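Report on one structure; see the data block that follows.
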Amino acid sequence: MLIGEYLHNVDVKGRMIFPAKLREDLGESFVVTKGFGDQCLYVYSRPEWERLEERIKGLPMAKARELQRFLFSSASLVEVDKQGRILIPQTLRDYAGIKKDVMVIGASVRAEIWDRDYWNTVCSKLTPDYIVNEMDELGF
């Protein structure tokens, strides 16, 4: 299970140290792609990526083709180097608005990489009242 928040930074070459705690579950290579509906990057272990891929393959082509284009065209298989770093491609950094400081979060079956300032903006909207209302709507 991927959990926690980790503050890191991206160097000028697009490399960042990826949190060791998350690497334990993700492995030494994993997939980074655009986030769905969020200005962030999603990070999947290879087995979780394969499960997602199979689910998308099972959808009717007319409904799945745009999702396939969005998801697979931007995906990158990254490998952790000896210093614990990964390289985030420029197109993905641009999509997520990543400049230097990033927040890496665990989100259950995936991790997410956010520009730190944008993450703070998103979190400022997550008030206790908002969360209670969301939980009520979901039947919790």
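Each residue takes its place number in the sequence, starting with 1. In this text the structure is predicted, and so the values were computed from the model without any measurement.
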Say whether, by atom type as modelled, one donor and one acceptor occur between the side chain of [X] and the main chain of [Y] under 3.5 angstrom.
X	Y	result
Asp11	Lys13	yes
Arg23	Glu28	no
Thr33	Leu71	yes
Tyr95	Gln90	no
Lys99	Gly97	yes

Supply the atom-to-atom distance [X] [atom1] to [Y] [atom2], rounded to the nearest 0.5 angstrom.
X	Y	atom1	atom2	result
Ser45	Leu2	OG	CG	7.5 Å
Lys34	Cys40	NZ	SG	12.5 Å
Ile113	Arg93	CD1	CZ	11.0 Å
Glu112	Ile105	CD	CD1	4.0 Å
Ile131	Asp136	CD1	CG	11.5 Å
Lys100	Met16	NZ	CE	13.0 Å

Side chains of [X] and [Y], donor plus acceptor under 3.5 Å:
X	Y	value
Arg65	Gln68	no
Glu137	Asn133	no
Glu5	Trp119	yes

Task: Steps toward side-chain contact (heavy atoms from CB on, under 4.5 Å) verdict (Val102, Asp115) - done: CA-CA 5 Å; Val102 294; Asp115 174 76; 5.7 Å; no
Contact summary for [X] and [Y], nearest pair of heavy atoms:
X	Y	answer
Gly84	Val80	CA-CG1, 3.5 Å
Leu92	Ser74	CD2-O, 3.4 Å
Ser29	Glu79	CB-CG, 3.7 Å
His8	Pro19	NE2-CG, 3.7 Å

Open item on the list: I'd like to know whether CZ of Phe36 has more than 12 heavy-atom contacts from other residues, nucleotides or ligands below 6.0 angstrom.
Closed with: yes
With clusters defined by side-chain heavy atoms of hydrophobic residues (ILVMFWY) lying less than 4.5 Å apart, directly or transitively, does [Y] cluster with [X]?
X	Y	result
Ile17	Val43	no
Met135	Leu126	yes
Leu77	Leu52	yes

For residues [X] and [Y], determine if any side-chain heavy atom of one lies less than 4.5 Å from a side-chain heavy atom of the other.
X	Y	answer
Trp114	Asp38	yes
Val78	Ile88	no
Lys21	Tyr6	yes
Glu48	Val109	yes

Task: Candidate list Tyr42, Trp49, Phe18, Tyr44, test ring-ring contact (aromatic ring centres under 6.0 Å, His included), partner Phe30, passing option - done: Phe18
- [ ] Evaluate salt bridge (Lys or Arg N to Asp or Glu O under 4.0 Å) for Glu53 paired with Arg51, printing each intermediate quantity in order.
- [x] CA-CA 5 Å; Glu53 184 179 14; Arg51 280 190 282 282; over 6 Å; no
TODO: Dump the intermediate steps for side-chain contact (heavy atoms from CB on, under 4.5 Å) on Val104 and Leu22, then the final yes or no.
DONE: CA-CA 9 Å; Val104 182; Leu22 298 179; 3.5 Å; yes
TODO: Give the intermediate values and the outcome of side-chain contact (heavy atoms from CB on, under 4.5 Å) for residues Val122 and Tyr118.
DONE: CA-CA 6 Å; Val122 168; Tyr118 191 64; 3.9 Å; yes
TODO: Let me see the working for Ile86 and Arg15 under side-chain contact (heavy atoms from CB on, under 4.5 Å), right down to the final yes or no.
DONE: CA-CA 5 Å; Ile86 62 168; Arg15 298 173 301 192; over 6 Å; no
Task: Salt bridge flag under 4.0 Å for residues Arg69 and Glu66 - done: no
